[in-house]
Amino acid sequence: MNFDDTPQEAAFRAEARKWIQANAPKDLADELGAAGTGRIRLRETNLLEASKKWQKKKFDAGWATISWPKEFGGRGASPIERVIWSQEEGVYGKLHGPFLIGQGMCGPTIMAFGTDELKKKYLPKMASGEEVWCQLFSEPSGGSDVAGLRTRGERDGDDWIINGQKIWTSGAHYSDYGLLIARTDANLPKHKGLTMFFLDMKSPGVEVRPIKQASGEAEFNEVYFTNVRIPDHQRLGEVNNGWTVSLTTLMNERMSIGARVATGFPEMFEFCAQLMLEDGPALDNPTVKSKLASWATRTSGLKYTSYRAISSLSKGERPGPENSIGKLVAGSMLQDIATFAMELQGAAGVLTDPAQAEAAAQFQAMFLRSPSSRIAGGTDEILRNIIAERVLGLPGDIRVDKDVAFNKVAVKGR
Ligand SMILES: Cc1cc2nc3c(=O)[nH]c(=O)nc-3n(C[C@H](O)[C@H](O)[C@H](O)COP(=O)(O)OP(=O)(O)OC[C@H]3O[C@@H](n4cnc5c(N)ncnc54)[C@H](O)[C@@H]3O)c2cc1C
């Protein structure tokens, strides 16, 4: 592993830094810097508007979706340049939230399976942030096992008619388009009768119902489809080959989520460094010290694991399934850290108002958000399965329904 920039990487870093210093929304820097894991709220600015503004500015100057080809709104940058860019973008990268799914997952899927016409029409506006996309995969009966989904797509002339329900769709309430996978042939085994489409989220028959989270926010949704028409030219890939298409989306999901899972350790260390307990400074307390030491060790492990991935990107290699460990370790650490921080606050740990609670209630927000990082983009158990099967070479899960026609699979209540 070599952690130093090559001369070419150093030149790229200097150019990116100079542009960011001259153009970033500095008025938001303090608020973005103080926004902890689990909550970004701007006092006087609408977060979505601020995000779109920064994205458009980057796009106009050639700094948006930098690893995409130039013709689709990117810069043709290498994966390592993308890593350098995000290191330099720093707190302003927190404004990227609304575009993560579109640019990180839907865009690469369209690039791989869309026609040239579709690519030219949709990718530049996705890159500029003018159009936001969401991912309509999970359903009440198909989450970890996406191939268990039941939303139906039936051919009707040049259109497909979609009926069913998706759930946990992040950003559906502000998205312009959605990438949707539906069952188009229930006589085939579950992975074989699926087809991928994209649709205009304002299409008649699409109903978006926000899901209120424990934090009080509503960032994801249920989405219902009642006789929604999708033209066949908005199909991605062959009919009944949607599973293959979805693997491209899901592989990109793992890569983009895995790269940005927070641990909460820097916030926790800073909090403890200032905290006074009944018997003296928190940093002198043996329990606190022991926990911090253990989290510091794991943080170092994560850092060097991610450096290993960055180093392999730099050499033009693709990070492998071993990277599943990053989200697995970071997700449970985030939850442990938030829980312990609230315990240290005693009875006041139940306060959630940033004006009243310690550390502006960032650990309370982190606590409420932390379970989701152990679910989204692959649950802990699924990541363990990946590590067991693809890294350690252990025997795979038993999949009894693999070759059975979907409408013959025994399901409770059918
Ligand atoms: C914050 C957040 C944002 C999300 N955004 C989106 C989005 O934008 N679009 C979208 O389509 N989805 C989204 N999701 C959904 C997410 O992909 C699913 O929640 C996830 O895949 C798990 O599926 P599930 O909730 O149906 O749980 P299930 O799959 O029903 O799992 C329930 C439990 O069973 C365990 N389990 C399941 N299968 C196995 C197995 N084979 N071996 C061992 N254990 C197993 C799981 O680990 C889990 O503990 C989001 C989720 C979250 C939390």
Side-chain angles (χ1 to χ4, degrees), residues 37-40 97-107 109 132-151 164-175 177-182 190-191 194 196-199 201 208-215 217-225 242-243 245-247 249-254 256-258 260-262 324 327-328 330-332 334-335 365-366 368-390 394-402 411-412:
T37 306
R39 182 177 49 215
I40 303 178
F99 315 115
L100 274 172
I101 288 177
Q103 296 173 1
M105 302 168 215
C106 306
T109 310
V132 180
W133 287 59
C134 61
Q135 177 202 14
L136 297 151
F137 281 22
S138 302
E139 298 190 5
S141 60
S144 301
D145 181 16
V146 181
L149 64 87
R150 295 189 198 177
T151 291
Q165 183 206 341
K166 298 288 173 179
I167 194 167
W168 317 124
T169 318
S170 304
H173 51 303
Y174 53 68
S175 287
Y177 292 95
L179 189 67
L180 173 128
I181 184 160
K190 64 178 185 176
H191 290 93
L194 305 170
M196 189 73 79
F197 304 93
F198 68 90
L199 83 162
M201 290 297 286
V208 177
R209 292 189 199 164
I211 300 174
K212 190 91 175 251
Q213 296 154 228
S215 61
E217 286 161 283
E219 296 158 306
F220 47 30
N221 306 268
E222 292 179 296
V223 184
Y224 290 84
F225 302 90
W243 181 248
V245 183
S246 78
L247 293 181
T249 319
L250 296 173
M251 192 179 69
N252 281 286
E253 176 174 41
R254 297 260 150 86
S256 57
I257 291 188
R260 67 185 159 87
V261 181
S324 296
K327 191 177 101 73
L328 185 62
S332 58
L334 186 72
Q335 203 165 25
M366 195 187 281
L368 294 172
R369 167 59 65 98
S370 58
S372 78
S373 63
R374 301 182 67 177
I375 300 171
T379 63
D380 281 8
E381 290 77 12
I382 295 300
L383 297 177
R384 285 199 175 93
N385 278 353
I386 291 171
I387 293 167
E389 292 175 26
R390 290 200 246 145
L394 297 175
D397 246 1
I398 297 165
R399 298 181 172 99
V400 286
D401 55 0
K402 194 166 172 257
V411 175
K412 209 173 153 195

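All ligand and atom numbering here is 1-based and tracks the order in the structure.
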On a heavy-atom basis, I'd like to know which of [options] is closest to [atom].
atom: atom 53 (C) of ligand 1; options: G143, S373, S372; answer: S372
atom: atom 46 (C) of ligand 1; options: T379, L179, D145; answer: T379
atom: atom 28 (P) of ligand 1; options: S144, G378, S141; answer: S144
atom: atom 18 (C) of ligand 1; options: C134, A388, S138; answer: S138

- Task: Measure across L334 and S373 and return the closest heavy-atom pair with its distance rounded to 0.1 Å.
- Result: CD2-OG, 3.7 Å
How far is [atom] from its nearest protein heavy atom, and which residue and atom name does that atom have?
atom: atom 19 (O) of ligand 1; result: I375 CG2, 3.3 Å
atom: atom 9 (N) of ligand 1; result: Q135 O, 2.7 Å
atom: atom 52 (C) of ligand 1; result: A376 CB, 3.5 Å
atom: atom 6 (C) of ligand 1; result: W168 O, 2.7 Å

- Where on D397 is there a heavy atom closer than 4.0 Å to ligand 1, on the side chain, on the backbone, on both, or on neither? side chain
- So which bit of V146 gets within less than 4.0 Å of ligand 1, heavy atoms only: side chain, backbone, both or neither? neither
Reported [atom1]-to-[atom2] distance for the pair [X] and [Y], which is rounded to 0.5 angstrom:
X: Q335; Y: S372; atom1: CD; atom2: OG; value: 9.5 Å
X: F137; Y: M196; atom1: CZ; atom2: CE; value: 3.5 Å
X: T109; Y: L247; atom1: OG1; atom2: CG; value: 10.5 Å
X: L328; Y: T379; atom1: CG; atom2: OG1; value: 9.5 Å

Using a strict cut-off of 4.0 Å, indicate which atoms of ligand 1 neighbour a heavy atom of [X].
X: I101; result: 8 (O)
X: F137; result: 11 (O)
X: E381; result: 43 (C), 44 (N), 46 (C), 47 (O), 49 (O)
X: N385; result: 40 (C), 41 (N), 42 (N)
X: I382; result: 38 (N), 39 (C), 40 (C), 41 (N)

- Message: Parallel, tilted or perpendicular: which one describes the rings of W133 and F198, with boundaries at 30° and 60°?
- Response: tilted
- N/O donor-acceptor pair under 3.5 Å between K327 side chain and A376 backbone: yes
- Please confirm whether the backbone N or O of F225 pairs with a side-chain atom of K166, one donor and one acceptor, at under 3.5 Å? no
- Item | Test item: protein heavy atom less than 4.0 Å from atom 32 (C) of ligand 1 | no
- Test side chain to side chain donor-acceptor pair (under 3.5 Å) applied to E139 and T151, step by step: CA-CA 8 Å; E139 298 190 5; T151 291; 2.7 Å; yes
- List the steps and the verdict of side-chain contact (heavy atoms from CB on, under 4.5 Å) for Q213 and F220. CA-CA 8 Å; Q213 296 154 228; F220 47 30; 3.7 Å; yes
- Would you say S170 and ligand 1 have an N/O pair spaced under 3.5 Å apart? yes
- Task: List the steps, then state whether side-chain contact (heavy atoms from CB on, under 4.5 Å) holds for I101 with S170.
- Result: CA-CA 8 Å; I101 288 177; S170 304; 3.7 Å; yes
